[in-house]
Every structure is written in C-alpha cells, then in structure tokens.
Amino acid sequence: MNVSQHMSDKARKHLKSRYAKERRFRFYGLSAVLFAIASLGWLLLSLFATGLTAFQEHYVTLEAEMTVSAFAPPDQRSVETLRIADYKSIVENAIEAKFPDVRTAGEKDLLFALISESGATDHLRKRVVRNPDIIGSKIVMTVPTSDQVDQLLKGHIDRNVPEARRQISDQQILWLDDLRARGAIKKKFNSILFFNPDSRDPELAGIASAAVGSVMIVIIAFILALPIGVGAAIYLDEFAPRNRLRDWVEININNLAAVPSIIFGLLGLAVFINIFGFQRSIPLVGGMVLALRAFPTIVIATRAALRSVSPAMVDGALSLGASHVQAVFQQKVPQAMPGILTGSIVSMALVLGETAPLLMIGMVAFVTEIPTTVTDPATALPVQIFLWSESPERAWSERTAAAILILLAILMTMNALAIWLRSRLGKRR
Amino acid sequence: MTDKIKFKCRNVRVQYGDLEALHGIDIDIADRGVTAFIGPSGCGKSTFLRAFNRMNETIGGAKFSGQILMDGEDIYDPSLDPVLLRARVGMVFQKPNPFPKSIYDNVAYGPRIHGLTETQAELDSLVEKSLRRAGLWEEVKDRLTEQGTDLSGGQQQRLVIARAIAISPEVILMDEPASALDPIATARLEALIEELKTRYCIIIVTHSMAQAARVSDKTAFFYEGDLIEYDDTEKIFTNPDNQRTQDYITGRTG
C-alpha cells in the first residue's frame, strides 16, 4: 500500500509539534494579557482602597455664639476689620459649650484640636463677611473635624494601639464618642476636595487650584499645538517639495516626539522665562511648554490620518478640475478629521498627565488661591499629586490617592471621548 | 461618426525616474466615439490615458515629453493650467470613488468649484440632467441626500460618471471602469458608454478584450510601452496586421 507522505508517522509528529508551538504561543500571549490586566487591577484596587474614603469627610455641628466683643465696634466695621476678628475664641467657646466640665487650659487645647481650626474660623469669617447681621446672634455651624479625628472615625487610626503611639489621646476619643452619641458628628460628601485650593491642613486641601491650572494649561496647549501641528502635517504631506530638507524635518519631528519631556521644561525655562521674561509658575508658560510637547504627537497622528484617506478621493477631485489645495481641504482633510481629532485628544490627555516639564518651570508652588487668569501662579493636577505624596500623614496619602483617581477618571473620559468620536465620525462616511 | 480628430499625439514619452513607460507614441483620436486601449498589464496604457488630463503630474517623478494637441492646442503648453484642462477632460477611475457626501453633493461638486451655476434651481436641474445622462436618475431621485458611498458598485460608477459630465467635459477618460463590477452592472455601464459616445470623445482602458470589442469603435494595442497596432476595432479583432496583436487577442500572450 502506498501511504501518502502527508499521512506518515513523521508527518503526524511534525503536525503535532506545529500545534504545540501554536498552543505555547497562545499561552504566552494570554499570560501577557492577564499580567497586564492584573497589574492594572492591582493599581486601581490599591488606589481605591486608599483613596475612596477621601470622597467623604467628617463634619462636626456646633452652636456658635457670635459674641459682639470678638468684633470691632459697629462704627469701625469694614470687610478688613471683619476679616481679622477673633474667630478662634468663638470656635473655642462653641466646642467648650459642648463640654462644660472641661476646665484646664491643656484640656481645652486638646478639645479644640478635635476640629479643624482653619476650617472653622474660615467658615465663620466667610459667613460674617457675607452677612454681618449675624454678629450677636447664635448660629449653627457645620465645620470639618481635624484630619486626625477624620482618620480615626474612618478607622484608619487604630484606637486600640497604645496612646503614646498615636497623635490622638484617649481623652479626645472619649469626647469624640460623646459628640457622636449626641449626633453632632456627621459624615458628608467631601466637597472641599473638589472646590478648595491647596492648604497646609489636609482636611482643607482640595484640587481646585490645580484643576483650574490644568484646564488652563490644556486649553493653551490645544490652541497653540492643534493649528500648528495640523498645519505642519498637511504641508509636509501634501505641499512640501520632496527633497532632503523635507526628510530632515520629518525625522526631527519624529525625534521630537521621543525627547524626554523634562527637556521641554528646560527649554521653557531657558526660552520663555529667561529670555522672554515670563513669570515662573504661570499656566501660560506651562501651556506653551506642553504645546511643544504635544506638537509632534499631533503632527504624527495627523499624517497617519491623512495617509489613511484613499488617494482615489484626491484623484477624483483633481480629475474634476479641483486645484490641489481644494482637493486636499475639501476631500482629504475632512475625511481625515476623525483621526486628527482622536490624535489631538490623545495628545491633550498626554498634556494633562505631564509633570516633569512643569516642575522645571516652577509650577510646583504651594498655591492657596484658585487662579483666575493664565498669568496667576498655579499648579497642575499631576504636580498637586506629586506635592501631596510627599507628606507622610495618613490624611495626605488618602487625598493623594483620591486626586490620582480623579485624574485617571478625567484621562479615561478623554480617551473614551476620542474612541467615541472616531467611531461616530467614522460611521458617517 | 465624424472623422474629426480630437487628439493628435506625437512622440509621447513618459518617464518615471529612470524608467521609460512610454517610448514615443503617435496616435490620432477621433472626436466622437470610443477608443479602447488594450494590452497586458504594465504596457503603459493607463499611463498614456493619464497623459490626456495631465494626471501623471500628480504623481511625483513622472516626466512627459512629446506633444498632445487637443483640437490643435498643445495641452502641455506651460501657459495652460491643468486645472482647466481637467475640467474639459473628465476621468472615471478603476475603482468607483464617490466622495463620502450625499449623491447630490457628489454631482454638484464640479459645478460648485467651477462656479457653473448661478442659482440653486440651476444647480438642481444640472444635477438632475447629469444623473439622467448617467442613467442613474430613476434609481436615486428620491434619495439624493443619501451618501454616495452607500450605493452599489455599479451605481457608484454611474454616479462618478454623472459627476464627471456635470461639468460638461469634451472628453471622458475611463480607466478600466468595469473591473470592479459584476456582469450585470458591467452591461449597464457599457450601454451607458454606447449612449455617451454620441456626445463625448471617450477613451477607455480595459483588460477585457470582449468589452473592447463590444463598446469601442477604434482599438489601440499597447505592448511594453509601444503602440503596436491601432485600427478599427473590427479589424483588430478579426484580422490584425501584427502577430503580437494576434497573439494577445487570441489569449496566447498577456
């Protein structure tokens, strides 16, 4: 019998080893994917575990006697004098009113340490400046607890460890439990985290100044980098004469995309700040520096998008007597738009997450005011995260993780928008 | 069929870099009727076709020499703008390439860029007339706002023809217009070419010998950059003078 060579034992063995190879490769691929998913999952899990509790904060409700003696006499009342009134004593009296038995100064200090001093006095100051008529009356105020109390109530500080090893004393814990039993302590959504600028006190620190700074930087970078990048890409691809110079420009744009971002910061420092004399720490310079960072990415994405448009479209327009510029701008660019937009959004996500160049141009300042113009000192979200991460206290690490979660959520939203735009505009073709 | 000559080509050479694709073609093309260019792949027939509307210039590195006279006027005269030449010499490509716009906008594109109409009503009637001439009006009159790319392949190719004739060209160049179509769509397209040839000078490049035999009045056979034989289609397909032509049309080469 003549057995086909494809049915011999040797052929079968060979086939078996081919399948084994395929199975091995699939296993490698699957392991790599699983490893990536596990790493991401672990990262998110640890962030959520640390940061999720920061979205709520404990507040204490007190009745404050707005004693007239704490303020300037009625005839001297102005915004300035109202600002410097003795709010601290009002707050002290308010908390002591809850515990009439506390007599000694040391105990009073411990009691006062339960609430956020700046939080409480700022709260009263704002209310009085807004409405001075409350002076002399009794008002109810809900103010943040101190970060130590907040952490204890969230269970992050173990009340069973020896007193010497925690910053909050047994006596304070007893008072707290008493306040809680009386319903004076509530857990609320932490709006401070979103609407406050940075602060020395973790319970009062928020991302608002950094977020506004980031928005300004992204907008400036977008306004500068998008037209220049898209224009450069269209010119290079369609109109530039094909010669050495063009190749050289092209290679250098690609190299620019690979330049470590801190170099852009150095450039910004040397050119924008030292030569042009812009201020340090302002979003305008940050936006300009990061526009340079985003520029090569936008050029590369735009050129890829332009090349994905069928040349038949340009031929069609040219064959109808359209000029080169008409063919490019009426047919090619509109069809490349989804790709251009996607590339731009991705590059803006890059800008939003960029930290190193901002450090170089001094955007690491401690900014306690929300910037209103692009020349106000500001910081950016990733830099804010960097700043907070340097503080060891539990309350700070909680906020750091929360800020990272917020940044990640924004970046994911931007990327989702890019994907959505691409599929939506792609479908309309 | 008049005997008026539309194009007089003398010693036409096209070079891509060091490679010469056409080695000096001399041919006269009649004003009305269909002229077919046939020949094996790479013989230069498409390159020659693209010389008539200077589309070769859009590819970097293509060099033209020789002379093509259109109604006695040199189309490679430096003072002649290729944009205006292409308005007079329309082109239909191998793969239907409607723009990703509405059917209406596809046809209206040419008239709009050349400013051929004054009012919306004029443009509407021009679009209708062009679609009617391309034999597409009845199929699309109720869905002019739909995407041109949503039509079937054969409809797309007729849309592209409507788009070309909307700017009233004198010549229509067709580069293997039926190669992406099924036999039924091809038959419709050929019937359309039959109608159009009374109004326009049509030059068609085709790989299908049968198609050339069916639609053309004159046939030119190209081989490796040379024009081997040019004569009445009937003569070429029944009794060619040249042995190479004979071999090609009988399927022995190519």
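Proteins get letters first, then strands, A, B, ... in listed order; numbering begins at 1 in each.
Nearest heavy-atom pair, B:Phe99 versus A:Met313, reported as atom, atom and distance to 0.1 Å: CE2-O, 3.4 Å. In this structure, B:Ile167 and A:Leu320 approach most closely via the heavy-atom pair CD1-O, 3.4 Å. What you find for B:Tyr109 and A:Gln331 is that their closest heavy atoms are CE1-NE2, 3.2 Å. The two residues A:Asp315 and B:Met55 have their closest heavy-atom pair at O-CE, 3.6 Å. For the residue pair B:Lys101 and A:Gln330, the shortest heavy atom distance occurs at NZ-O, 4.1 Å.
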Which donor-acceptor pairs under 3.5 Å do side chains of residues 216-225 of chain A form with protein atoms, sequence neighbours excluded?
none

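Taking a 6.0 Å sphere around OH of A:Tyr28, one finds it holds 12 or fewer heavy atoms contributed by other residues, nucleotides or ligands. Other residues, nucleotides and ligands place more than 12 heavy atoms under 6.0 Å from the CZ atom of B:Arg132. Counting non-hydrogen atoms of neighbouring residues, nucleotides and ligands closer than 6.0 angstrom, the CD atom of B:Gln120 exceeds 12 such neighbours.
B:Arg50 touches chain A through its side chain: at least one heavy atom from C-beta onward sits under 4.5 Å away, while N, CA, C and O do not. If you measure heavy-atom distances from B:Pro169 to chain A, you find no contacts under 4.5 Å at all.
Residues of residues 74-97 of chain B that come within less than 4.5 angstrom of chain A, heavy atom to heavy atom, are B:Val83, B:Arg86, B:Ala87, B:Val89, B:Gly90, B:Met91, B:Phe93, B:Asn97 in numerical order.
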